[in-house]
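Counting starts at 1 for both ligands and their atoms, in listed order. This is a predicted model, so every value here is computed, not measured.
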Amino acid sequence: MARRIRTGTFTVNGASRDMRARNLAPLPADIDHAVAAAVPISGLTAWQGLFDHGRLTTGQTVLVHGAAGGVGSIAVQLAQEVGARVIGTGRASARDRALALGVDTFLDLETEKLEHAGDVDVVFDVIGGDILDRSATLVRAGGTLVTIAMPPKVQPRYGRAVFFVVEPDRTQLTDLAARLRDGRLKPIIGAVRPLAEAPAAFIPDKRTPGKTIIRVTED
Ligand SMILES: NC(=O)c1ccc[n+]([C@@H]2O[C@H](COP(=O)([O-])OP(=O)(O)OC[C@H]3O[C@@H](n4cnc5c(N)ncnc54)[C@H](OP(=O)(O)O)[C@@H]3O)[C@@H](O)[C@H]2O)c1
C-alpha cells in the first residue's frame, strides 16, 4: 500500500524549514533504514560546514571538533575524501573511534592544549563555549572558523567566523546517499531503540556514543 508522506514548511527553533518533496532524495533500496536515518541532518551539516561555509579544498588543513560524534564523524570522512589533512578532537574516550575514521592527528581536549594543533585553514566546531572561543586563534589568514553550536563571540584575526543552521538540499543529500551506498561514508550508529524507549535513549551520560536511532515502526 502506498504511504503518504507529509511534507511542507515547518518551523524549528524559530527558523523556517522547507521540507517539500523537491528537497528529498530517494533512499537506495539496499541501505538499511537505521543507517540512512543517521545521515541527512549530520551529513548535510558536515557538508555545508566544510564546503559551503568553510570553503575547504584539497591540500588544506581542517580541525574538526567532536570528530567521533554525529556531525564530526561525517565531516572527518568528507574532508579526507577531498584530500584535506584532518585534525580531530574530542575526549580521550573518542580517540580510537576518531583514528578509525581516518583523522591524521587526534587531539585530546581533556589533556592536551588546543593551541598545540597549530595553524589550520578551517576549524569546524560542534561544541561551542570556551573551545569555540579559543579556536579562533588557530585559523590562519584567509581561513574560516565554522560553528554549528552558537554564534561565535571571538573572530579570527585575519579570517572569518560563521555560525549557520543546516538547510535542506536535494543535490547534497543525493551525493551523500551515493557515498553511503558505495561505502565511502559510514555513519557511526550508537543505538537503535524502539519509540517507547526514546526518552531513555537520550538521558545524558547513558547515551551510547554515535547516532541514536529511534525506530518508529517495526516493519
Ligand atoms: N546548527 C546546525 O544546523 C546543527 C546541525 C546539527 C547539529 N547541531 C548541534 O551540533 C552539536 C553536535 O551535534 P552532534 O550530532 O555531532 O552531537 P554528538 O553526536 O553528541 O557529537 C558531539 C561530539 O563532541 C564531543 N564533545 C562535546 N563536548 C566536548 C568537550 N567539552 N570536550 C571534548 N569533546 C566534546 C562529544 O563527546 P561526548 O559524547 O563524550 O560528550 C561528541 O563526540 C549539537 O549541539 C547539535 O544540536 C547543529
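Residue, atom and distance of the protein heavy atom nearest to atom 11 (C) of ligand 1 are Val126 O, 3.4 Å. Counting only heavy atoms of the protein, atom 20 (O) of ligand 1 lies nearest to Arg207 NH1, 3.5 Å. Ranking the protein heavy atoms by distance from atom 13 (O) of ligand 1 puts Val71 CG2, 4.0 Å first. When only non-hydrogen protein atoms are considered, atom 10 (O) of ligand 1 lies nearest to Ile148 CD1, 3.1 Å. Here the heavy atom of the protein found nearest to atom 3 (O) of ligand 1 is Val166 N, 2.7 Å. Counting only heavy atoms of the protein, atom 1 (N) of ligand 1 lies nearest to Phe164 O, 2.9 Å. Counting protein heavy atoms only, atom 31 (N) of ligand 1 is closest to Ile131 CD1, 3.7 Å. In terms of protein heavy-atom proximity, atom 24 (O) of ligand 1 is closest to Gly66 CA, 3.3 Å.
Counting protein heavy atoms under 4.0 angstrom from atom 36 (C) of ligand 1 gives zero. Under the 4.0 Å distance rule, the nearest protein heavy atom to atom 6 (C) of ligand 1 falls inside the cut-off. Protein heavy atoms come within 4.0 Å of atom 40 (O) of ligand 1.
A donor-acceptor pair shorter than 3.5 Å cannot be found between the side chains of Glu167 and Asn23. No side-chain donor from either of Thr144 and His53 sits under 3.5 Å from a side-chain acceptor of the other.
Nearest to atom 43 (O) of ligand 1 by heavy-atom distance, out of Gly72, Gly69, Gly70, is Gly69. When the heavy-atom distances from atom 27 (C) of ligand 1 to Ile127, Leu107, Thr147 are ranked, the shortest goes to Ile127. Residue nearest to atom 30 (C) of ligand 1, selected from Glu167, Arg91, Glu110, Gln48: Arg91 (by heavy-atom distance).
Counting atoms of ligand 1 from 1 in the listed order, those under 4.0 Å from a heavy atom of Leu109 are 32 (N), 33 (C).
For the atom pair CG (Leu27) and CG (Leu180), the distance works out to 8.0 Å, reported to the nearest 0.5 Å. Here Leu107 contributes atom CG and Glu115 contributes atom CD; the two are 9.0 Å apart, rounded to the nearest 0.5 Å. Note that CZ of Arg140 is 5.5 Å distant from CG of Asp119, once rounded to the nearest 0.5 Å.
Salt bridge annotation for Arg91-Asp108: absent, with no cationic side-chain nitrogen under 4.0 angstrom from a carboxylate oxygen.
Between Phe124 and Leu63, the closest side-chain pair of non-hydrogen atoms is not below 4.5 Å.
Between Ile127 and Leu109 the shortest heavy-atom distance is CD1-CD1, 3.9 Å.
The environment of Arg160 atom CZ is dense: over 12 non-hydrogen atoms of other residues, nucleotides or ligands sit within 6.0 angstrom.
Put simply, no part of Thr89 is less than 4.0 Å from ligand 1, judged by heavy atoms. Using a 4.0 Å cutoff on heavy atoms, Gly90 counts as a contact of ligand 1.
Contacts with ligand 1 closer than 4.0 Å are made by side-chain heavy atoms of Thr45 only, the backbone lying farther away.
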Do any side-chain atoms of residues 183-203 form donor-acceptor pairs under 3.5 angstrom with protein atoms, and if so which ones, sequence neighbours left out?
residue	atom	partner	partner atom	Å
Arg184	NE	Asp182	OD1	3.1
Arg184	NE	Asp182	OD2	3.0
Arg184	NH1	Glu81	OE2	2.9
Arg184	NH2	Asp182	OD2	2.8
Lys186	NZ	Gly183	O	3.1
Arg193	NE	Glu197	OE1	2.7

Intermediate values then yes/no, side-chain contact (heavy atoms from CB on, under 4.5 Å), Val82 and Thr57: CA-CA 7 Å; Val82 83; Thr57 60; 6.0 Å; no
